[in-house]
Amino acid sequence: MFNIHTYPTHPFPDQRAGTSGLRKKTQVFAQPGYLENFVQATLDTLDEDPQRTWRNHTVILGGDGRYHNDEAIRTILGMAAAHGVRRVVVGRAGILSTPAASHLVRLRQARGALILTASHNPAGPEGDFGIKISVSGGAPAPESLTEAIHARSCVLEEYSVATIPEPDLGHPGEYRAGNMTVEVIDSVADYAQLMESLFDFDAIAALIGNQSFRFLYDAMHGATGPYARAILGQRLGAASESMIRTDMLPDFGGEAPDPSLQHAHQLVLSLYDRNPPDFGAASDGDGDRNMILGPGLMVPPGDSLAIIAANADVAPGYRQPLRGIARSMPTSRAADRVAAAKGVPLYETPTGWKFFCNLLEDQRISFCGEESFGTSSSHAREKDGLWAVLFWLNIIAVRRQSVSEILARHWQQYGRDFYLRHDYEGLDLETADTLITRLRDNLGNLPGETVAGERIEKADAFRYVDPVTGETATGHGMRVLFADDSRLVFRLSGTGTAGATLRIYGEKHERDAARHGLPPATVLAKLMHRARLIAAIPELTGREQPSVAVG
Ligand code: VG1
Ligand code: CO
């Protein structure tokens, strides 16, 4: 029986996507009609453009398996059937990592995807839930689209859901749901094949098979678990004890699935212990972030991007000449130095993957990355955690150098861009707003001023003009450049679900190799002090210290 029911709805004015999709407390998402309202607003907005509509087309659906994943999948299938979507390709058990979903959109020439995830945020009834929207080509929805969806969500009066048979998502196969086909696929197979086409699997398998090389991969109970078991385990021969937390859990074991020194406890303990493995890595809940570790060290994400670009030719998928490199504005300028040395353009974009995608589509860049543990290439339109892990393994296998040697040599050649991020989490919205407004109003007065012994050269609000579309993006942060070429960036997070988070990014280039081993916190202590003075942080927030320091 195929019945379409239409229900009245009312505006949810908070349905505005942030840096990466719509992210809210699970309880907000679980309100009656909340998910439905957002999905209907998305379907209706896309429907306005015949090139974009999902009606009569194929779409991809999956999530990172967090609490509420199953229910959301069921609702979306019913809504897709009611809307006249022709085919929905769903990962087995409703599971797809974000990069795998992006790849599937491309592979299946789908009109887009809905990915159910709040990324590295904790899950569960008290945690977070979210939806990322991809468009054709596999890119995250651009700002113009998410703004239109938000506008639509505010005037929506009804949504439609079809009653469809309970789909069996446990096994690959096809099911009819009214006029729609639900195709359940192996979540991993296509993505694994893509990875195999890009990297030197023989060299990596030989490295992993070598008794003297040990590594540890932490899937953090997130979406990369099944991918790691299939790719690192079955295809590359990694022993099962080389991988931890590969079983997916709806609450990620009660922790934030955030690949950081703060959250990947067991991995970090092991790499910083006596007799550590040679290589360590982790990925986040939805599989798009990565953290790379060597014995007693973490590879800073800005350096990881630069090193991958500088060593690209070790991987068979990257032997063609480097095109260009892009990094988000707050990411360190390490990649700029590689781009300059190779004579290719460097693009500085606002934070959030969507801004890289026009550059990728226009074939202007080969690699792109963010300081927030995100790196990827033209193979997908999302950042890709396991891809970065495989790239590092490929570099180690071919160069026959340790992680610390690779880093040290890179810094020797290009200098080291010392880097730190300070987050002030849980600020009340008004305080954060005041702080940002004051800072913006004062930017014009900063150049020429000396703050704690260093003169400010330049200060501006970042304005991005997309070189492909000509579209302008503003409100993505402020930059302060000092006479010694050190740099500060201030911006508010766009992924939080409670209060506001102020992020301050500091960096300073150092040529002297004798200083490359110093801790970033030491090298950048004065710079971060200047940041507190410039933004009047203690006065406005009452905070003497950031809640988190990353670097
Ligand atoms: C953060 C990071 C940003 C990243 C975004 C999504 O955004 O800073 O670089 O693209 O998360 O990451 P914000 O606005 O909180 O700084 V994820 O792994 O959702 O998909
Ligand atoms: Co993520």
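Indexing begins at 1, ligand by ligand and atom by atom, following the structure's order. Note that the structure is a prediction, hence the values are computed from the model and not measured. In what follows, every heavy atom counts, from backbone to side chain, and hydrogens, waters and symmetry copies are set aside.
- Partners of Asp286 by side-chain hydrogen bond (donor to acceptor under 3.5 Å, both in side chains), not counting sequence neighbours, listed by chain and number: Thr98, Ser119, Lys132.
- The closest side-chain donor-acceptor pair between Arg229 and Thr246 falls under 3.5 angstrom.
- Note on the Co ion (ligand 2): protein N, O or S atoms under 2.8 Å away count 4, no waters included.
- In this structure, the ring pair (Phe, Tyr, Trp, His ring centres under 6.0 Å) partners of His410, at least two apart in sequence or on a different chain, are Tyr414.
- Between Tyr424 and Arg532 the shortest side-chain heavy-atom distance falls below 4.5 Å.
- Note: Phe356 and Tyr347 fail the aromatic proximity criterion, with ring centroids not under 6.0 Å apart.
- Salt bridge annotation for Lys25-Asp128: present, with a cationic side-chain nitrogen under 4.0 angstrom from a carboxylate oxygen.
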Would Trp387 and Asn290 satisfy side-chain contact (heavy atoms from CB on, under 4.5 Å), going step by step from the backbone distance to the final call? CA-CA 9 Å; Trp387 171 91; Asn290 75 90; over 6 Å; no
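- At a 4.0 Å heavy-atom cut-off, the residues surrounding ligand 1 are Thr19, Ser20, Arg23, Ser119, Lys132, Asp284, Asp288, Arg289, Thr351, Gly352, Glu370, Glu371, Ser372, Lys383, Arg491, Ser493, Gly494, Thr495, Arg503, listed by chain and number.
- Two residues are said to be in side-chain contact when any heavy atoms from C-beta on lie closer than 4.5 Å; Val105 and Arg381 fail this criterion.
- Here Glu371 does not pair with Arg289 in a salt bridge; the nearest charged N to carboxylate O distance is not below 4.0 Å.
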